[in-house]
Amino acid sequence: MKTAPLLALLGSAMMSVYAWSAPEYIADIDIPSFDGTQLDANLFVPDTPPPEGGYPTVIFTNSWGLEKHQYHFQAKELAENGYLVLSYSTRGFGFSGGLVDVAGANSIADVGVLIDWLEANYPVGKLGMAGISYGGGISLLSAARHPRVDAVAAMSGWADVVEALYPNETVNLVWGSLLVGTAFHKEAELEHLWSDLRNGQNIESVIQFAAERSAVSYVDELNANGTAVLMSNNYADYLFKPNSMTDFYSMLEGPKKLLLNPGTHAITETLTGNYGHIWTTTFRWFDRYLKGEDNGIDREPKVDMTVRISNKLEHFEDYPVTQESTTWYLRPRFTMFDNGSMKGSKYSGWNWTNEFHGGADTFAGTGIPLISDALEGFGIPVYTPMLAINGYFAIEYKSPVQWETLKIRGEPQLEMWVKPSKKEVQLNAHLYDVGPLGLGRLITHAPITLHSDQSGQMQKFDLEMFTTSYDVPPGHRVVLAIDTQGLIYQKPDNTNYTIEVPYSSSKVSSLTVPHL
């Protein structure tokens with residue numbers, strides 16, 4: 001971020017005149033929306049004359065459960081640099097009226113009213129929107145709906161609500177319950193839809209509700225508007241996974257930039273900003289696309305990835321960042337107390353079958369929900385004792401020892417044959433970095449719930465694991481651990497089931513790992 005006053009006091013002639021400005025702060029503005037709902041807002045107005053064409057303007061939108069004061073310091077800093085900045089509480093939050101509609105039609109229409117109000121009262125130039133989590137999602141959706149939005153900074157936002165709450169047909173229990181439980185003034189439909197999802201009812205209605213609130217549904221509008229889109233998401237964000245954002249990024253045709261960071265949902269942007277990188281990049285993005293400054297950000301690599309644990313920042317021209325990958329083929333274990341292996345050649349031995357069971361969680365997992373993932377954002381690894389993973393309820397596969405650093409970048413892909421004993425079974429696949437002492441650090445994971453009438457029959461599933469950036473040190477192995485329950489996901493009603501894994505020349509299972 002720009003910290004101009006100290007440099008100015010030292011007599012720097014390079015400082016912008018805006019660094020000396022003391023913007024006017026107008027608190028507690030009530031702006032009536034299209035349906036009479038009062039939207040609570042505050043405003044920073046620069047004390048300098050507007051440039052030709054009007055003030056560059058930013059609208060900040062709050063995160064879920066928060067309100068208009070969330071970005072006070074960022075708004076003030078922008079205003080000191082010549083921006084007109086409005087922060088508001090979305091309907092149903094803070095002192096705004098109305099009910100939370102989960103970025104529905106009313107919330108998006110509210111943004112149009114706010115833009116009208118700004119233009120009616122102030123000289124507005126190019127306009128941008130920014131926000132974390134709920135604010136990031138509303139910013140993207142509003143930019144698609146309102147062509148007057150020239151640039152967006154969506155931090156821990158979403159592209160696909162279905163992937164958020166129902167990844168691979170698995171109910172995201174912890175995050176969904178947290179969202180529904182913390183929206184105190186919400187439309188009744190939200191409670192009903194969450195109940196339907198948890199009970200496996202009216203799934204098509206749930207998906208339709210989610211699609212109408214997913215930015216991926218409006219990528220054509222964003223492209224037509226030419227919106228400059230900056231997105232920041234976190235590897236351990238198990239609410240708005242980065243996978244859908246990387247897919248969404250690939251669909252955008254206008255100016256775009258993608259930041260991928262360690263940490264969990266919204267924590268990285270809120271507490272550390274990835275050592276300031278996220279907010280510094282946001283301000284530079286607006287300086288380029290709202291103020292028109294030639295600061296070079298449009299000529300820099302479009303993708304910034306920060307490596308997990310080490311927090312090393314890397315820059316890439318585009319996404320995916322690599323075309324290189326290694327495929328390991330799954331080999332059987334021979335007792336319940338052994339591990340299977342992963343090798344570079346396909347299994348060609350005698351037909352073999354392993355099995356593991358539902359009914360209990362294991363040490364294979366994502367750690368303590370929310371807490372373990374937040375610690376990663378501060379570079380604090382959480383270890384798993386791999387020897388403690390119960391072989392009755394899970395199965396593990398070890399790669400060869402890596403004698404050089406394996407720089408995993410992207411989404412590992414699992415293709416696996418199984419024979420489930422029930423129509424509904426859940427599998428949680430975890431990828432670990434395991435050192436000589438048998439302690440594992442989670443690289444990535446993904447759940448999948450199989451809903452099929454093919455119980456008792458062999459079937460193959462494909463699973464894209466969550467986007468990651470991780471360096472496996474020399475002397476370590478990559479271990480794939482699969483069990484049937486996870487603390488953050490809703491388990492099937494009946495967990496008394498068996499998963500058989502076949503191995504033969506015609507039933508080949510594999511793990512493909514992208515790397516530099």
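- The stretch residues 158-169 participates, sequence neighbours left out, in these side-chain hydrogen bond (donor to acceptor under 3.5 Å, both in side chains) pairs: Glu163-Ser244.
- Within the structure, the ring-ring contact (aromatic ring centres under 6.0 Å, His included) test picks out the following pairs touching residues 173-203 (sequence neighbours left out): Trp175-His265.
- A heavy-atom distance below 4.5 Å is found between the side chains of Leu450 and Val418.
- In summary, the aromatic rings of Tyr392 and His357 are positioned with their centroids under 6.0 Å apart.
- Looking only at atom types and distance, the side chain of Asn354 has a donor-acceptor partner in the side chain of Tyr503 under 3.5 Å away.
- Between the side chain of Asp237 and the main chain of Leu239, a donor-acceptor pair closer than 3.5 Å is present.
- Between the side chain of Asn62 and the main chain of Thr90, a donor-acceptor pair closer than 3.5 Å is present.
- Glu324 is listed as a side-chain neighbour of His515, based on a closest heavy-atom distance under 4.5 Å.
- By the ring-ring contact (aromatic ring centres under 6.0 Å, His included) test, Phe248 is found to be paired with no residue, residues two or more places apart in sequence or in another chain being considered.
- Scanning for ring-ring contact (aromatic ring centres under 6.0 Å, His included) contacts around Phe73 gives an empty result, with sequence neighbours left out.
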Determine, step by step, whether Leu230 and Phe286 satisfy the side-chain contact (heavy atoms from CB on, under 4.5 Å) criterion, reporting the C-alpha distance in whole Å, the side-chain angles of both residues, the deciding distance to 0.1 Å, and the verdict. CA-CA 10 Å; Leu230 168 68; Phe286 287 151; over 6 Å; no
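- Under the ring-ring contact (aromatic ring centres under 6.0 Å, His included) criterion, the residue pairs touching residues 409-432 are His430-His445, with sequence neighbours excluded.
- For His69, there are no ring-ring contact (aromatic ring centres under 6.0 Å, His included) partners two or more places apart in sequence or in a different chain.
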